[in-house]
S.K.: 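Before I ask anything, let me first share the structure, which is written out below as C-alpha cells.
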Amino acid sequence: MIDYLVAISIIVGIFAIFAIGLNLEWGFTGLINFGHVGFLAIGAYTTVLMNLSGAPIWLSMTSGVVLAGFFGLLVGIPTLRLREDYLAIVTIGFSEIVRLFLLNEEWLTRGPMGLFGFDRPFEAMIPFDYNYFLFILVFGSLAVIYLLVEKLVHSPWGRVLKSIREDEDVPAALGKDVFRYKIQALMIGSAIAGLAGAFLAFNMQYISPRNFIPMETFYAWIIVVLGGSARNKGTILGAIIVQSFYTGTRYLQDYVPLASHQMAALRIMVIGLLLVLLMMYKPQGLLGRKEELTLGQ
Amino acid sequence: MVQEILRVRDVKKYFGGVMAVDGASFSVEEQTIRGLIGANGAGKTTLFNLITGYYKLDSGKIFFRDERVDQLPTFKKALIGMVRTFQLTKALSRMTVLENLLLGPKMQGGEQIHNIFLRPKKVAYEEAIIVEKALEILEFFDLMHMKDDYAGALSGGQKRLLEMARALMTDPKMLLLDEPFAGVNPTLARKLVGRIKELRERGMTFLIIEHDIPLITEVSDTLSFMNHGRIILEGPPEDVKHDPRVLDAYLGGGP
C-alpha cells in the first residue's frame, strides 16, 4: 500500500513540476503554450541520450534542463512578437515535430522502440527501494521549483509578467521590453518542463515517443485551470487531484467489472465531467480568486 | 532660449485607403503644456500612436530632444522620457491599484532576474522607495482608499486617474495624455489642471488631447487644432478657441 502511494506521489510530483512551468507561462504571463509536452520530451530524451552515451547522470540532467530552456528561446524568438494566438499554433506544431522526430530518427532515438538501460541519480548507492529515494528527489525539487517561482512572481520581474498578461501595451508604454520578459518566462517554463522530463524518465526507466503525445500538455492545462491559474499552490493541488485520480483508479481495476480499455475511457470521462463541474461552480479554479473573474478589462 | 522637445515633421499614416494622419507637422517646446483639439476622427489619437510608436509611420519624421525617434520601439521611447496614457483606459485589471503604480518606475533592479537572487537587499530597498512614492501619488489622485483593490474594480474616471498616476511614476520628461479629463469629476479635474501646471514648473512637458474646451483652454500654453489629419491652426488657446474653423468643427455647421 505504501509502495502504491509512493508510486502515485512520484507521478503527482512530476506533473506538479511540469504544470508549474506552464503556470508561469500562462497563469502569470498569459502565454498560450499548447506544446508544453515538447519541452518535457526534450528534457527526457536529452537526459537519457546523454547518459547512454557515457555522460554522468547529473550532467545529463542539467543538459536536458538547459536544452529545454534553449528550445523555449528558439520557439519564442519568431513567435512572441506576434499576437498571442500564434504562439498557441506554433507551440502545438513544435511539440508534434519533436515527437515525430523522436519517432522517426531511429539512429538516435531507436524510434518507437524507446530507450532504456540508463542510470538514475545515486541508484547504485541507495540501499533501500529506489522509489523512496526518487520520491524524495522529486518532492525536494518540487519544493525548490515552487519557492523559486514564487520568489520570481512576487518580485518586480513578476509584476512585469502580470502586466503583460493583463495588457502588454501598458508595460510597453512604461518602458518595459515586453518581448524580453516573454522570452524569459517561456525559457524558464520550458526548462522546468525539461526537469520534469528527466524525472519522468527516471520514474519509468523507459521512454518512448508515446509518452509525449499532445494530451500530456492538456493534462498540464487541466491541472493549472483546476487549481486556479496564477496560483502555484493551486497547481500543486490540481496535480494531486488529477494525477492521483488518473493513476489511482488504475489500481481499482481489480475491483471494477470493466475491461481495461473501458476503464481508461471512463477515467477520462470523469476528468472531463470534473472540469465541466468546475467551470460551472468554481470557474476561477479551486484556489483562484473569484473577484478576478468579475473584473472588466 | 526655448528648446523644442518634440518635433513632428510631415507625418503620414494611411489605413487601407483612408488617410488618418495626412502630413501633420508641429513642435512642442520644452516645459510647456500643449493642447491638441479636433473633431472626432481628426486623427489625434492616431497621431499619438505614431509619436509613441504603437503605429509605424508611412512617411515623415519625429524628433524627441533632437534625436530621431520614429523608428524606436515604444518601450525605448518611454525609457528616454516619452510616456503616454490611453484614451480607452488600460487598467491592469487583475493587479491591485498599488501594483499598477509600482510597475511604473523605469529600470528597476528587481526587474532583472539575477538581481532578485544576488542583490535581494538592493531590490527590497528600491521597492520600499517606490512604494513610498506610489503612496504619495495615490494620495494626490484620491485613490489611496482603493490601493489594495483590483484595478479592474475602479470606476471609469478612477481608471483614468490611475493611468496618469502610473505614467507619473516613470518620471517622464514628456507626458502625452489622451483625454485625461473624460469622466473625471469637475473638482478633481480642476485639481489635475493645477497638478499638471505644477509639474510643468518642475520641468515636465505635456501634450494633451482633450474635448473639454474650457479645461484645455485653462491648462494649455498653446493649443493646436487638428482637422482631417493635419494641424491647421496653432496659437494661444483663447485665439484658437474662437477661430471660425474650430467653432465649425465643434459646433457643426455647413458642409
Side-chain angles (χ1 to χ4, degrees), chain A residues 24 26-30 69 80-81 144 147-189 191 228-231 284-285 288-297, chain B residues 49 52-54 73-86 88-96 98-117 120 123-124 126-127 130 149-154 156 159 162-163 166-167 169-172 176:
Chain A
L24 180 67
W26 158 249
F28 291 97
T29 323
L80 289 177
R81 287 187 200 277
V144 170
L147 292 174
L148 283 181
V149 173
E150 279 290 297
K151 175 105 181 149
L152 282 174
V153 298
H154 289 110
S155 71
W157 182 80
R159 190 155 65 213
V160 179
L161 294 195
K162 283 186 254 176
S163 73
I164 292 170
R165 175 191 71 193
E166 296 301 304
D167 188 335
E168 65 177 68
D169 282 349
V170 175
L174 299 172
K176 319 293 179 196
D177 186 353
V178 167
F179 177 67
R180 207 192 70 177
Y181 288 93
K182 286 189 189 175
I183 286 275
Q184 287 177 341
L186 189 63
M187 285 179 72
I188 296 172
S229 73
R231 298 279 175 271
Q284 73 275 27
R289 296 195 188 133
K290 182 127 200 193
E291 315 90 275
E292 293 192 349
L293 287 182
T294 58
L295 300 169
Q297 274 305 303
Chain B
N49 283 333
T52 51
Y54 281 85
T74 303
F75 81 92
K76 286 202 176 141
K77 292 186 185 181
L79 290 179
I80 58 173
M82 185 202 281
V83 176
R84 71 170 301 180
T85 64
F86 296 91
L88 301 168
T89 53
K90 291 174 183 285
L92 303 166
S93 295
R94 289 183 295 167
M95 294 170 72
T96 66
L98 182 60
E99 274 183 303
N100 264 265
L101 263 71
L102 298 182
L103 182 71
K106 293 177 289 193
M107 297 298 209
Q108 299 177 33
E111 289 174 353
Q112 311 265 354
I113 293 178
H114 57 92
N115 285 337
I116 298 167
F117 296 105
V123 170
E126 211 180 75
E127 185 82 350
I130 294 171
D149 292 339
Y150 282 117
L154 296 181
K159 282 182 184 165
L162 178 69
E163 285 257 329
R166 194 170 59 197
M169 287 293 290
T170 65
D171 284 327
L176 295 92

S.K.: Measure B/E99 against the heavy atoms of chain A and call it side chain, backbone, both or neither at under 4.5 Å.
M.R.: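 Contact with chain A: backbone and side chain both.
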S.K.: Non-hydrogen atoms of chain A under 4.5 Å away: do they reach the side chain of B/T74, the backbone, both or neither?
M.R.: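 It is both, since atoms from each part get that close.
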S.K.: Would you say the side-chain atoms of B/E111 pair up with the backbone N or O of A/Y181, donor to acceptor, closer than 3.5 Å?
M.R.: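 Checked: no pair found.
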S.K.: Taking A/K176 for its side chain and A/I164 for its backbone only, find out whether a donor-acceptor pair lies under 3.5 Å.
M.R.: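 No, A/K176 side chain to A/I164 backbone: no donor-acceptor pair under 3.5 Å.
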S.K.: Could you check whether any side-chain N or O of B/N49 sits under 3.5 Å from a backbone N or O of B/Y54, counting only pairs where one atom can act as donor and the other as acceptor?
M.R.: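 Judged by distance alone, no pair lies under 3.5 Å.
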S.K.: Verify whether one side chain among A/R289 and B/Y150 offers a donor that lies under 3.5 Å from an acceptor in the other.
M.R.: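 Per modelled atom types, A/R289 and B/Y150 side chains form a pair under 3.5 Å.
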S.K.: Among B/M169, B/Q112, B/M82, B/E163, who wins on heavy-atom pairs under 4.5 Å with chain A?
M.R.: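 The residue among B/M169, B/Q112, B/M82, B/E163 with the greatest pair count is B/Q112.
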S.K.: Give the member of B/T85, B/I116, B/V83, B/T170 that has the highest number of heavy-atom pairs under 4.5 Å with chain A.
M.R.: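 When all of B/T85, B/I116, B/V83, B/T170 are compared, B/I116 has the most.
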S.K.: Could you tell me whether A/R81 atom CZ has more than 12 heavy atoms of other residues or ligands within 6.0 Å of it?
M.R.: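 For A/R81, atom CZ is not crowded (no more than 12 foreign heavy atoms under 6.0 Å).
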S.K.: Which one, B/G109, B/G110, B/A78, leads in non-hydrogen pairs under 4.5 Å with chain A?
M.R.: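 Sorted descending by pairs with chain A, the first entry is B/G110.
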S.K.: Counting only non-hydrogen atoms closer than 4.5 Å, does B/K106 touch chain A with its backbone (N, CA, C, O), its side chain (CB onward), both, or neither?
M.R.: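 It is both, since atoms from each part get that close.
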S.K.: Using heavy-atom distances under 4.5 Å, tell me whether B/P105 contacts chain A through its side chain, its backbone, both, or neither.
M.R.: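 Contact with chain A involves the backbone of B/P105 alone.
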S.K.: Just so I understand: if I count every heavy-atom pair under 4.5 Å between each of A/S163, A/G158, A/S155 and chain B, which residue has the most?
M.R.: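 Counting heavy-atom pairs under 4.5 Å, the top option is A/S163.
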S.K.: Could you grab the distance from atom CD of B/E126 to atom CE of B/M107, nearest 0.5 Å is fine?
M.R.: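 Between atom CD of B/E126 and atom CE of B/M107 there are 11.5 Å.
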S.K.: Is any side-chain N of the basic residue among B/R94 and A/E166 closer than 4.0 Å to the acidic one's carboxylate O?
M.R.: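 Yes, this pair counts.
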S.K.: Side chain from CB out, backbone as N, CA, C, O: work out which of these in A/I188 comes under 4.5 Å of a heavy atom of chain B, or both, or neither.
M.R.: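 It is the side chain, since no backbone atom gets that close.
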